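This report refers to the structure that appears directly beneath it.
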Amino acid sequence: MTIGGMENVEIFTSEGKGRGLKATKEFWAADVIFAERAYSAVVFDSLVNFVCHTCFKRQEKLHRCGQCKFAHYCDRTCQKDAWLNHKHECSAIKRYGKVPNENVRLAARIMWRVEREGTGLTEGCLVSVDDLQNHVEHFGEEEQKELRVDVDTFLQYWPPQSQQFSMQYISHIFGVINCNGFTLSDQRGLQAVGVGIFPNLGLVNHDCWPNCTVIFNNGKIELRALGKISVGEELTVSYIDFLNVSEERKRQLKKQYYFDCTCEHCQKGLKDDLFLGVKEDPKPSQEVVKEMTQFSKDTLEKIDKARSEGLYHEVVKLCRECLEKQEPVFADTNLYTLRMLSVVSEVLSYLQAFGEAAHYARRMVDGYMKLYHPNNAQLGMAVMRAGLTNWHAGNIEVGHGMICKAYAILLVTHGPSHPITKDLEAMRVQTEMELRMFRQNEFMYHKMREAALNNQPMQVMAEPSSEPAPALFHKKQ
């Protein structure tokens with residue numbers, strides 16, 4: 001049996017949700033339930049010159065397609081592998097005279113594949129593209145308008161000699177992209193670089209506290225178990241980040257995916273008390289909490305503005321002031337405190353003020369640990385960043401502890417072969433060695449560390465972006 005074969009799952013009717021997938025065998029944390037290559041995928045408009053159009057890896061030097069001058073590839077191998085999917089695109093771009101947006105490019109790639117293989121089930125797919133949900137009937141006015149613009153562009157771009165599809169079918173494909181488009185990340189999983197359609201993944205329903213996670217690794221997605229899953233149990237993933245009160249998550253899911261979330265966490269409002277947590281002794285009045293919430297919202301808006309203008313010292317100042325004001329009112333699991341801690345630790349790390357950043361990062365991780373599922377990928381990434389910050393600050397014991405914790409989480413969510421897990425394993429070995437040295441001779445350890453830092457430029461955190469972490473599913477905002 002191939003690991004990750006579709007024989008591990010079957011389609012069933014999930015109560016109140018329509019179709020779903022359930023396990024046909026038992027799974028444990030870190031098991032790959034199935035792996036799937038994209039039916040079709042494209043690189044985002046903003047990154048077409050920086051990411052390989054075949055394997056979606058970010059590369060410094062890419063080869064350009066000599067014909068259309070649009071597609072970019074790592075090397076001849078990637079270019080050759082792409083030809084089947086790029087052939088029609090290549091001549092269409094030349095004929096159209098420009099490059100349409102990512103939605104139109106993806107719709108065309110899907111339809112060229114349908115033209116090539118027919119509309120039935122393709123090998124390894126439990127569902128055809130025709131049978132995926134499109135939710136076009138739920139589109140609001142703005143979405144209808146965008147759909148019309150995309151369909152118009154598509155009709156100009158689509159070559160007359162290709163198979164002609166009905167307007168209804170074209171709209172269906174755009175609808176499918178809108179609610180089933182999955183975000184593809186670069187090789188290290190840190191940046192969203194493209195969008196693809198994965199029909200089997202499209203069958204997995206949402207739960208705010210899911211039993212699976214999805215990771216893009218080496219050209220395919222993997223559906224991985226987060227803990228024990230029994231035979232017959234429904235497989236779920238979270239379409240959005242858990243870090244929000246249930247009402248807000250429900251609103252987001254309704255707006256973006258057109259359904260009412262009935263998961264246990266939403267129905268019972270689990271963890272909402274922590275997300276809205278306030279200090280116990282003395283307990284602030286409702287009026288004070290309301291004022292502080294508004295002040296925090298206003299500050300976050302100012303922070304976004306300062307961030308977008310690259311005024312990082314201003315960002316730090318705003319965060320410090322806000323955290324100081326929040327201190328007597330909010331608990332450390334309060335959403336607004338956590339958002340401040342996340343921003344300030346990231347920006348201070350970028351500014352290489354590691355000592356102060358480390359303090360905030362530790363507080364943030366303590367809060368996250370009480371909120372997220374213990375095997376949540378975003379928790380793993382946050383603990384990893386906090387561990388690196390503490391290591392840079394010279395807090396070797398805390399840094400090593402966090403790096404070990406993050407490594408344990410990413411082994412489940414990303415697996416041992418993912419580049420970021422491999423990076424983390426190297427860091428774990430390095431910090432373990434340093435910790436041993438530190439415990440033997442603290443003075444010598446600091447001397448050697450100083451010398452090492454003076455000799456090599458420190459690997460600095462990436463410039464903070466105001467973009468959130470890559471979301472699981474790609475939505476046009």
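Source: prediction; values computed, not measured.
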Sidechain-backbone polar pair: [X] side chain, [Y] backbone, donor-acceptor under 3.5 Å:
X: T153; Y: V149; answer: yes
X: N205; Y: R19; answer: yes
X: H72; Y: R64; answer: no
X: Q187; Y: R58; answer: yes
X: Q59; Y: C52; answer: no
X: H414; Y: I420; answer: no
X: T24; Y: N8; answer: yes
X: Q191; Y: G189; answer: no
X: T421; Y: G415; answer: yes
X: N180; Y: Q133; answer: yes

Output a table of donor-acceptor pairs, distance under 3.5 Å, between side-chain atoms of residues 219-229 and any protein atom two or more places apart or on a different chain; print 'none' if there are none.
{"residue": "E222", "atom": "OE1", "partner": "R224", "partner atom": "NH1", "Å": "2.9"}
{"residue": "R224", "atom": "NE", "partner": "V412", "partner atom": "O", "Å": "2.8"}
{"residue": "R224", "atom": "NH2", "partner": "A30", "partner atom": "O", "Å": "3.1"}
{"residue": "R224", "atom": "NH2", "partner": "L411", "partner atom": "O", "Å": "3.4"}
{"residue": "K228", "atom": "NZ", "partner": "E26", "partner atom": "OE2", "Å": "3.4"}
{"residue": "K228", "atom": "NZ", "partner": "S230", "partner atom": "OG", "Å": "3.3"}

Under 4.5 Å between any side-chain heavy atoms of [X] and [Y], yes or no?
X: I33; Y: C212; value: yes
X: H400; Y: W391; value: no
X: I303; Y: C319; value: yes
X: V237; Y: T213; value: no

Side-chain H-bond candidate by donor/acceptor type, Q163 with W112, under 3.5 Å
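Distance-only check fails for Q163 and W112.
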Scan side-chain atoms only and decide if Q252 and R249 contain a donor-acceptor pair under the 3.5 Å cut-off.
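The criterion, which ignores hydrogens and geometry beyond distance, is not satisfied for R249 and Q252.
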Tell me, please, which residues at least two apart from [X] pass ring-ring contact (aromatic ring centres under 6.0 Å, His included).
X: H138; result: H135, Y258
X: F174; result: none
X: Y73; result: none

Hey, which of R428, R188, H418 is the one that makes side-chain hydrogen bond (donor to acceptor under 3.5 Å, both in side chains) with D423?
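In the set R428, R188, H418, the residue that makes a side-chain hydrogen bond (donor to acceptor under 3.5 Å, both in side chains) with D423 is R188.
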Does [X] [atom1] have over 12 foreign heavy atoms under 6.0 Å away?
X: F70; atom1: CZ; result: yes
X: Q161; atom1: CD; result: yes
X: K145; atom1: NZ; result: no
X: K271; atom1: NZ; result: yes

Please work out which of the three classes, parallel, tilted or perpendicular, describes the rings of [Y] and [X], given edges at 30° and 60°.
X: W209; Y: H373; answer: tilted
X: Y372; Y: F242; answer: tilted
X: W83; Y: H86; answer: perpendicular

Electrostatic pair [X]-[Y], nearest N-O below 4.0 angstrom:
X: K305; Y: E309; result: yes
X: K17; Y: E234; result: yes
X: E143; Y: R148; result: no
X: D45; Y: R105; result: yes
X: K422; Y: E425; result: no
X: K250; Y: D260; result: no
X: R109; Y: E89; result: yes

Can you name the salt bridge (Lys or Arg N to Asp or Glu O under 4.0 Å) partners of E117, sequence neighbours left out?
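Testing E117 for salt bridge (Lys or Arg N to Asp or Glu O under 4.0 Å), a comparison that skips the adjacent residues, returns R113.
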With sequence neighbours left out, write down each residue that passes salt bridge (Lys or Arg N to Asp or Glu O under 4.0 Å) with K80, or none if nothing qualifies.
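Listed in chain order: nothing, the list is empty.
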Step by step, work out the salt bridge (charged side-chain N to carboxylate O under 4.0 Å, His left out) result for K22 and E10.
CA-CA 6 Å; K22 64 179 180 183; E10 66 183 23; 3.7 Å; yes
If you take all heavy atoms of T413 and N375, which pair is closest and at what distance?
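That would be CG2-O, 3.1 Å.
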Among R339, R385, R307, find the one that has a salt bridge (charged side-chain N to carboxylate O under 4.0 Å, His left out) with E346.
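That would be R307.
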